[in-house]
Q: 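Attaching a single structure in structure tokens format; questions to follow.
This is a predicted model, so every value here is computed, not measured. Residue numbers start at 1 and run along the sequence shown.
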Amino acid sequence: MARFAELDPAERELRPEEATVYCPMCEARLTDDDRFCTDCGHDMSVPVPAAVRTGPPSDGKPPVASPVAASSPVAPPLVAPPPVVPPPGDEASPFVPSPVGPTQPTTRNSVSDGSAGTVIQAGTIAGDVTVHAAALAPAPAKNWTRVSQLRRLWFGVRPTSRFGDEESLTPYVLRDCDEQLHALVTRGVREGGLVVVTGGPLSGKTMTAAWAALNTGVDPEPRVHAPHPGADLRDLTSGPHDRTGHHILWLDELEGHLGPHGLTTALLSRLTQERVLVLATMTDTAYDEHRFGGGAASRVLSGAHTVELSRRWSEAELGRLAGTDDPRLADAREWRGKRGVTECLALAPELWDEWRRARRPQAHPRGHLLVLAAVDLARCGLRQDVPLPVLRVVHELYPQYEADNPYAASPVETESFEGALAWATRPRYEATGLLVPGEEADTYRAYGSLVADAVRSGELGAVPDWLWAIVADGAREHGFDLAPVLTACRAATEARVAAGDVDAYGLLGFVTEHAGNVSEAEGWYRRAADQGDRLSCNRLGHILAGRGAVVEAIGYLEKAAEAGSKDAYVTLGKLHRDRARHWLTKGAEEGDPQAAFHLAELTLRPGRVDRAVRWYHAAAQAGHRDAAFALNVLRVGITATPKPEEPSEPPDPPGLR
């Protein structure tokens, strides 16, 4: 379908449904049914001179006003040259060569006031041409946008992370200063004046001030105008004002609107006289610099009513936050760490996008994996600071990286570990890095919004099973609290357990065993071992042997040993040795010479020679020739004599690795 701007006038009349309307004053794109421009408030029903009005260009960008419309009276007129007539027979030629003439002097063009407009082709002009573009007059206050037509995004509020069909912004949570600010704004829309909301970066100044503007409760509803930073405000009060109406001049980041062409004491006085409220925001640093630095800006701010907004939320504010049902607000409360709630909400989309794009080889692929390790450790339920050696080991153990990453490159080859760590910990927006330093040296954790977004988006998939095992196995060495890890593991494997996943059984057994719940671990291991899982057979066998269920333990350990579990070999040998000693003792005490001989062989070792001699002697007296020979060998240098009255040695407990 052809674009409307590319149609000739006749076709446009036949296809009005494809019309695109642009505001001739500020170039905003509108719909046909908009009477007032939502950006500058221009009344679209008021005709604009043809020299100023321009349609959308062929590249689809909105038009700009022609500087000729505002040309200085002393500027020389631009005269178009006569048309070039093609020679006979060449009417259909798409190209007509320019006539050859004398060389013209170089032409230089300039536009003052930093303005740029539509380029006007006027043939060859000898000499210099200067176009003085005057600023377009601001829209009259009566045409400013009604506050009911605006959303918070119009005021410049930062959008939060959103996945799926989530809204751009979270519901507003009342701040402790809202009552004071509401009173100042309500009074200001009736009497005029300057109200400034100050605070640290990302403290929620714009959100709070915008909420006050949207909820004044006065009648008639206020009209709002928001000029661009650096816009000329000198003629702002020149238009007629409706004395019965209410008007708000919105100046977000007020420092960008100060100066001789911006908000001055004279302009503020005129606006106050016309009962226009100037509602503005400034960082604490910018306010202090301009307020106490002397000069014109200081005089402007001296008459302002200020409301300070803290980055840190009070207990009352956090209580109101807990009463909301938006998951992003719940995440901000849980994962913000030492930062403010609004900081967490504002930083979340910025950090998430930067981190995801860092996986490219030309960016920070190793840094991406380093942050991924911290994020996944937090998803495991590990809420504490992680030692750097653990992060270093974990980030190198992602075997799926090159298979799943379309931008795969070897992180080790493309980026050093030191460079990756420096990138990941560099503060963004004077607030935080992707990795946050811990309380102790060389410990870190992922910034909370990254963890929350990873959980809510589902883009990372499940935490790898091997990572759960690393956390559980390193808990004792690094002091990890496994109680929340176990809770997270149960939740993460719930669906797999319901589906009968043997690996999930074994994983839960391993984590619960290291968390100290051996009884529950035995149940999980048994479910996996009964389905032939080698590792679960091994772990279950050791648990059973430890509580004395030797016969059952041997059965599982033999399965594990046959499948190649090396630590099952030793445990099995010890268990069989101890059982052999138990039954050989029974036989020797009954007078069996073979039992006595083998018991002596089994018992003979440093520190227990006396016991071995006793059983060799008993076997030899019963006529066992090998026992007599062994006894004679032992007597060379041995003076020990048998003690028949000595009780038999009880079997040693089974040794476990």
Q: Under the criterion side chain to side chain contact (heavy atoms under 4.5 Å, CB included), which of Val390, Asp376, Leu372, Leu369 is the partner of His395?
A: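 Single side chain to side chain contact (heavy atoms under 4.5 Å, CB included) partner of His395 among Val390, Asp376, Leu372, Leu369: Leu369.
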Q: Is any side-chain heavy atom of Leu181 less than 4.5 Å from a side-chain heavy atom of Leu309?
A: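 Of all side-chain heavy-atom pairs linking Leu309 with Leu181, none is under 4.5 Å.
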Q: What pair of heavy atoms forms the shortest contact from Trp468 to Cys380, and how long is it?
A: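 Nearest pair, atom of Trp468 first, then Cys380: CZ3-O, 3.2 Å.
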Q: State, with a plain yes or no, whether a side-chain heavy atom of Cys177 is found less than 4.5 Å away from one of Glu308.
A: no
Q: Tell me, do Arg175 and Trp211 make a side-chain contact under 4.5 Å, heavy atoms counted?
A: no
Q: Treating Glu317 as the side-chain partner and Asp176 as the backbone partner, does any N or O pair qualify as donor plus acceptor under 3.5 Å?
A: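 Here the side-chain-to-backbone pair exists.
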Q: Does Ser203 offer a backbone N or O that forms a donor-acceptor pair with the side chain of Thr342 under 3.5 Å?
A: yes
Q: Out of curiosity, Arg534 CZ to Lys559 NZ, how far, rounded to the nearest 0.5 Å?
A: 14.5 Å
Q: Measure across Leu263 and Leu233 and return the closest heavy-atom pair with its distance rounded to 0.1 Å.
A: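 Smallest heavy-atom distance, with atoms named: N-CD1, 3.9 Å.
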Q: Does a donor on one side chain and an acceptor on the other come within less than 3.5 Å for Thr160 and Arg328?
A: yes
Q: If only side-chain N and O atoms count, and only distance matters, is there a donor-acceptor pair under 3.5 Å linking Tyr172 with Asn215?
A: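 Not at all, the side chains of Asn215 and Tyr172 share no donor-acceptor pair under 3.5 Å.
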Q: With heavy-atom distances below 4.5 Å as the criterion, would you say the side chains of Leu202 and Arg311 are in contact?
A: no
Q: Has Arg392 got its NZ or CZ under 6.0 Å from the middle of the six-membered ring of Phe417, at an angle within 45 degrees of the ring axis?
A: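 The answer is yes; both the distance and angle limits are met.
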Q: Could you give all pairs that pass the ring-ring contact (aromatic ring centres under 6.0 Å, His included) test and reach residues 420-440, with sequence neighbours left out?
A: His364-Trp423
Q: Would you check if Arg333 and Val341 make a side-chain contact, meaning some heavy-atom pair closer than 4.5 Å?
A: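 No - every pair of side-chain heavy atoms lies 4.5 Å or more apart.
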Q: So which heavy atom on Ala209 is nearest to which on Thr281, and how close?
A: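 Closest approach of Ala209 to Thr281: CB-CG2, 3.9 Å.
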Q: May I have the step-by-step check of side chain to side chain contact (heavy atoms under 4.5 Å, CB included) for Ile470 and Leu397, ending in yes or no?
A: CA-CA 11 Å; Ile470 286 179; Leu397 293 177; 3.6 Å; yes
Q: Salt bridge between Arg291 and Asp288, side-chain N to carboxylate O under 4.0 Å?
A: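 Asp288 and Arg291: not salt-bridged.
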Q: Does Glu350 come within less than 4.0 Å of Arg428, counting only side-chain N to carboxylate O?
A: no
Q: State, with a plain yes or no, whether a side-chain heavy atom of Ser536 is found less than 4.5 Å away from one of Asp530.
A: no
Q: Between Glu439 and Asp385, what is the shortest heavy-atom contact and its length?
A: N-OD2, 2.9 Å
Q: Mind checking what makes ring pair (Phe, Tyr, Trp, His ring centres under 6.0 Å) contact with Phe480, not counting sequence neighbours?
A: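 Ring pair (Phe, Tyr, Trp, His ring centres under 6.0 Å) list for Phe480, sorted by chain: His478.
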Q: Restricting to non-hydrogen atoms, name the atom on Leu254 and the atom on Met282 that form the minimum distance, rounded to 0.1 Å.
A: CB-CG, 3.5 Å
Q: Is a donor on one side and an acceptor on the other found under 3.5 Å between the side chain of Trp250 and the backbone of Val224?
A: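 No, the answer is negative, given that no donor and acceptor are paired below the 3.5 Å cut-off.
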Q: First locate atom NE2 of His514, then atom CG of Asp473, and finally report the distance between them rounded to the nearest 0.5 Å.
A: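 Going from NE2 on His514 over to CG on Asp473, the span is 4.5 Å.
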Q: Say you draw a straight line from OH of Tyr444 to CG of Leu421; how long is it, rounded to the nearest 0.5 Å?
A: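 Between Tyr444 OH and Leu421 CG, I get 4.5 Å after rounding to 0.5 Å.
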Q: Centre-to-centre under 6.0 Å for Trp355 and His368, is that the case here?
A: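 Yes, they do, as the ring centres are separated by less than 6.0 Å.
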Q: Does the distance from a Lys or Arg side-chain N to an Asp or Glu carboxylate O, for Arg366 and Glu396, drop under 4.0 Å?
A: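 Salt bridge present between Arg366 and Glu396.
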Q: Under a plain distance cut-off of 3.5 Å, with no hydrogens placed, do Asp453 and Ser161 share a side-chain donor-acceptor pair?
A: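 Their side chains do contain a donor-acceptor pair, which is all the 3.5 Å distance test asks for.
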Q: Just verifying a value: how many Å separate Leu174 CG and His182 NE2, rounded to the nearest 0.5 Å?
A: 11.0 Å
Q: Flag yes if more than 12 heavy atoms outside Gln362 fall under 6.0 Å of its CD atom; otherwise flag no.
A: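 Counting other residues, nucleotides and ligands, CD of Gln362 exceeds 12 neighbours.
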Q: Does the side chain of Tyr525 come under 3.5 Å of the side chain of Glu513 through a donor N or O and an acceptor N or O?
A: yes
Q: Set out, in order, the CA-CA distance, both residues' side-chain angles and the distance that settles side chain to side chain contact (heavy atoms under 4.5 Å, CB included) for Tyr447 and Cys344, then state yes or no.
A: CA-CA 9 Å; Tyr447 183 67; Cys344 186; 3.7 Å; yes
Q: Verify the neighbour count for atom CD of Glu166: are there more than 12 heavy atoms of other residues, nucleotides or ligands below 6.0 Å?
A: yes
Q: Could you tell me whether the side chain of Thr324 reaches within less than 4.5 Å of the side chain of Thr170, counting heavy atoms only?
A: no
Q: Kindly state each residue pair satisfying side-chain hydrogen bond (donor to acceptor under 3.5 Å, both in side chains) with at least one member in residues 486-501, sequence neighbours excluded.
A: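 Found Asp465-Arg496, Arg490-Glu520, Arg496-Asp501.
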Q: Can you tell if the side chain of Pro229 reaches within under 4.5 Å of the side chain of Glu253, non-hydrogen atoms only?
A: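 When only atoms from C-beta onward are counted, Glu253 and Pro229 do not touch, as no gap falls below 4.5 Å.
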Q: Could you check Leu557 against Asn538 for side chain to side chain contact (heavy atoms under 4.5 Å, CB included), going step by step and ending with a plain yes or no?
A: CA-CA 5 Å; Leu557 288 171; Asn538 184 45; 3.8 Å; yes
Q: Apply side chain to side chain contact (heavy atoms under 4.5 Å, CB included) to the pair Ser449 and Asp331, showing each step before the final yes or no.
A: CA-CA 7 Å; Ser449 72; Asp331 288 343; over 6 Å; no
Q: Could you tell me the separation between the OG1 atom of Thr571 and the NE2 atom of His542, rounded to the nearest 0.5 Å?
A: 3.0 Å
Q: For atom CZ of Arg547, decide whether the heavy atoms of other residues, nucleotides or ligands shown that lie under 6.0 angstrom number more than 12.
A: yes
Q: For the side chain of Glu415 and the backbone of Gly367, is there at least one donor-acceptor N/O pair under 3.5 Å apart?
A: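 Answer holds: yes.
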Q: Hey, does the side chain of Gln384 reach the backbone of Gly479 with a donor-acceptor pair shorter than 3.5 angstrom?
A: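 Here the side-chain-to-backbone pair exists.
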Q: Taking all non-hydrogen atoms of both residues into account, name the closest pair between Leu194 and Val300 and its distance.
A: CD2-O, 3.8 Å
Q: For Glu418, I'd like to know if atom CD has over 12 heavy atoms of other residues, nucleotides or ligands within 6.0 Å.
A: yes
Q: Rounded to the nearest 0.5 Å, how far apart are CE of Met207 and NZ of Lys205?
A: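 Those atoms lie 12.0 Å apart.
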